[in-house]
Amino acid sequence: MELDSIGDWRRTHYSVDVKPEMDGREVTLFGWVQEIRDLGAIRFVILQDREGTVQIIVLRKKASSKVLSKSDALQKRYSIGVRGVVKKTTITPRGIEVIPNEIRIFSAAESSLPIDITGKTPANLEVRLDARALDLCREDNISIFKIQHTAVGAIRGFLFERGFLEVHTPRMIASATEGGAELFSVDYFGRKAFLAQSPQLYKEQLVMSLERVFEIGPFFRAEESHTRRHLSEFVSIDIEQAFADADGVMQLLEQLMQHICRVANEKCPKELATLKYSIKVPEIPFKRLTYDEVLSDLKREGVEVPWGEDIPTPALRTLGKIHPYFYYITDWPTSSRAFYIQPRRDNPDLCEGFDLMWRWVELVSGGTRIAFRELLMKRLREKGLNPESFKYHLQAFDYGMPPHAGWAIGLERLTMMLTGKKNIREVTLYPRDKFRLTP
RNA sequence: GCCCUGGUAGUAUAGUCCGGUCUAGUAUAUGCGGCUGUCGCCCGCAGGACCCGGGUCCAAAUCCCGGCCAGGGCGCCA
């Protein structure tokens, strides 16, 4: 089959922008064949683009021989252009269809597709991820990533307005001793380097110059995790703010969450309808539960967690049933948190770290940070870390480190919240986990 | 890493417990034919599968062992 070039054609409209008022006007549409329903003397071709679909109608007796032969050749997923006349009609759900004057075929496709792109016979996630480029053409996937995009836009707007500067810190780092998560190692001109697990230390250093910073970018964890909510590569939305404490950044965070939900509802009603999901805009302030309150809540439900330990997943599920929406967990035992979280001055066994939970999922983690070198070194040693490997970071504390606080949102987990998807791989374009490195 | 469950046409599933009319059923997709208003179009025909290796048995998709892979859970997780 001979393929056409785009020539001087330019798109005049997306599918969804073709309206009944345009009756009789000529439009140029680009996209892909989603479906063909051939009734013999009449053929319906569904043209899909990023924004939706439009029906192209070809009448065997009326169409030109050129249009007829082009439309005979069409198959699913062919990339095509259609120049035709808008026809207002009462027969189609959209109230319009397009009668082609000319069809251009830019690219063909295999006749048998690895997954059903209309969604009639849904494929398993594994099969879909193996054919991800094609899978992402499905309307519900497009909806997921439009919602994610909208959320990121809302976050940027919100933080810009409040004086946060967007920054970019290194992904390749020298020290493997930040503690906690395992790091991926890489060869750096013959030296051993690591992929960053978080921008934590850099964003803290930046508060002494830029005061309020945020960063949106990928980070890496070489953990053995095999769950629906962990990835080896994920996107973190990190902020750090000078002259603030946990309480201040928690207020900021709950306002932001409310804002994201509002904007997503406002800008993505069609996408949410496609996903058959609705977002409830939360009221603020969010519930604030202390660690001790959580433990006694759990005890009442018959779940015992020894004081000082992190809360195990099954206990979090129970907690999520008691508190089915957003809530904070505050006043964690100092020993259970990262070394840079500020212990409470009135009771150093507790700290000013917090988690923002959504049901049973940890959505955001943050806290007041330690701003004093001596205390930070003490905490490093208590965590079994070597202050020597933090000398460049500790140096910053000699030059006027202000009191500061911050948090980090997991973007994919946020997207799960906004779309109702239960597996983090669904809301990741090309997920990376312990078992998957391709595509 | 551990535990549980599973692996059947391109896709999704039935069959597996209790081995034998399973010559492996169905839907969808694909190919061919038909059809003037479909929108999960419809109708007819066709081709297409038991994860790999070993074992038990007269007989294995079905039972046993090993491997690989997947899903869920747990653990790990600034």
Side-chain angles (χ1 to χ4, degrees), chain A residues 34-47 53-63 75-77 87 89-94 97 109-131 134-135 173 175-183 196-204 219-232 234 236 238 240 309-317 332 336-341 353 355 361-362 364-367 369 379 383 385 393 406-410 413 422-423 425 433-436:
Chain A
Q34 187 190 53
E35 228 181 332
I36 300 164
R37 285 187 285 271
D38 191 340
L39 275 65
I42 188 167
R43 172 182 292 148
F44 304 100
V45 178
I46 309 304
L47 176 85
T53 58
V54 64
Q55 178 164 283
I56 312 295
I57 178 172
V58 179
L59 288 158
R60 191 162 287 283
K61 281 183 186 153
K62 289 190 183 167
Q75 290 182 16
K76 279 181 187 172
R77 284 306 303 170
K87 185 181 150 204
T89 165
T90 52
I91 310 169
T92 67
R94 284 268 314 283
E97 56 197 6
E110 296 276 334
S111 65
S112 188
L113 304 174
I115 56 170
D116 173 10
I117 54 166
T118 64
K120 274 177 261 177
T121 308
N124 292 327
L125 186 56
E126 184 205 1
V127 175
R128 288 172 38 205
L129 290 176
D130 282 340
L134 180 65
D135 182 48
I173 56 173
S175 170
T177 49
E178 191 177 322
E182 292 290 320
L183 303 188
Q197 63 179 153
S198 100
Q200 185 60 35
L201 305 185
Y202 291 105
K203 67 175 181 168
E204 282 195 61
F219 290 97
F220 308 88
R221 305 274 166 93
E223 294 295 338
E224 299 280 2
S225 301
H226 179 51
T227 77
R228 289 182 287 158
R229 62 193 187 286
H230 287 90
L231 293 169
S232 305
F234 68 102
S236 182
D238 266 86
E240 204 65 33
E309 293 195 1
D310 210 350
I311 300 165
T313 308
L316 287 177
R317 287 178 194 267
W332 288 81
S336 71
R337 299 264 110 178
F339 69 86
Y340 48 78
I341 297 290
D355 280 350
V361 178
E362 181 197 324
V364 184
S365 185
R369 321 302 193 186
R379 289 290 299 135
K383 282 279 179 186
L385 299 166
H393 182 56
W407 41 250
I409 308 174
R413 289 185 182 182
K422 298 209 157 53
N423 190 320
R425 292 159 188 81
D433 60 38
K434 193 191 167 191
F435 309 100
R436 182 175 286 277

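This one's a predicted model, so the numbers in the text were calculated from it and none came from an experiment. So that the names make sense, note that chain A is the first sequence line, chain B the second, and so on, each numbered from 1. These values consider heavy atoms only, across backbone and side chains, with no hydrogens, waters or symmetry-generated copies.
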Which of these nucleotides, [options], is closest to any side-chain atom of [X]?
{"X": "A:Glu223", "options": "B:C39, B:C74, B:C77", "result": "B:C77"}
{"X": "A:Lys87", "options": "B:G72, B:U38, B:G37", "result": "B:G37"}
{"X": "A:Arg317", "options": "B:C41, B:U38, B:C74", "result": "B:C74"}
{"X": "A:Lys76", "options": "B:C77, B:G37, B:U30", "result": "B:U30"}

Practice prompt. Please tell me if the side chains of A:Thr313 and A:Arg229 come closer than 4.5 Å, counting only heavy atoms from C-beta onward.
Written response: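 Yes; the side chains approach each other to less than 4.5 Å.
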Heavy atoms only, 4.0 Å cut-off, all strands: where does [X] land among base, sugar-phosphate and nothing?
{"X": "A:Ile57", "result": "base"}
{"X": "A:Thr118", "result": "nothing"}
{"X": "A:Glu35", "result": "sugar-phosphate"}
{"X": "A:Glu97", "result": "base"}
{"X": "A:Glu224", "result": "base"}
{"X": "A:Phe220", "result": "nothing"}
{"X": "A:Ser225", "result": "base"}
{"X": "A:Arg228", "result": "sugar-phosphate"}

Worksheet item: Just how far, in rounded Å, is P of B:G72 from CD of A:Glu126?
Response: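 Distance check: A:Glu126 CD to B:G72 P gives 11 Å.
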Fill in: A:Lys422 NZ - B:G72 P separation (whole Å)
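After rounding, the reported distance stands at 12 Å.
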Strictly below 4.0 Å: does [X] bring a side-chain N or O up to OP1 or OP2 of [N]?
{"X": "A:Thr92", "N": "B:U38", "result": "no"}
{"X": "A:Lys62", "N": "B:U36", "result": "no"}
{"X": "A:Lys120", "N": "B:A29", "result": "yes"}

Fill in: Taking every non-hydrogen atom, the tightest pair across A:Phe339 and A:Arg379
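Residues A:Phe339 and A:Arg379, closest heavy atoms: O-CB, 3.4 Å.
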Worksheet item: How does protein reach along nucleotides 3-11 of chain B, written 5' to 3' as B (base within reach of a heavy atom under 4.0 Å), S (only sugar-phosphate), or - (no contact)?
Response: -------SB
Discussion item. Just to verify, what does A:His230 make a ring pair (Phe, Tyr, Trp, His ring centres under 6.0 Å) with, not counting sequence neighbours?
Written reply: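 Expected list: none.
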Worksheet entry | Stem regions touching RNA chain B, defined by at least 3 consecutive Watson-Crick or wobble G-U pairs below 3.5 angstrom |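 Only these stems qualify: B:1-7 with B:68-74, B:10-13 with B:25-28, B:30-34 with B:42-46, B:51-55 with B:63-67.
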Worksheet item: Would you call the rings of A:Phe435 and A:His226 parallel, tilted or perpendicular, where under 30° means parallel and over 60° means perpendicular?
Response: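 The rings of A:Phe435 and A:His226 stand perpendicular, inter-plane angle above 60°.
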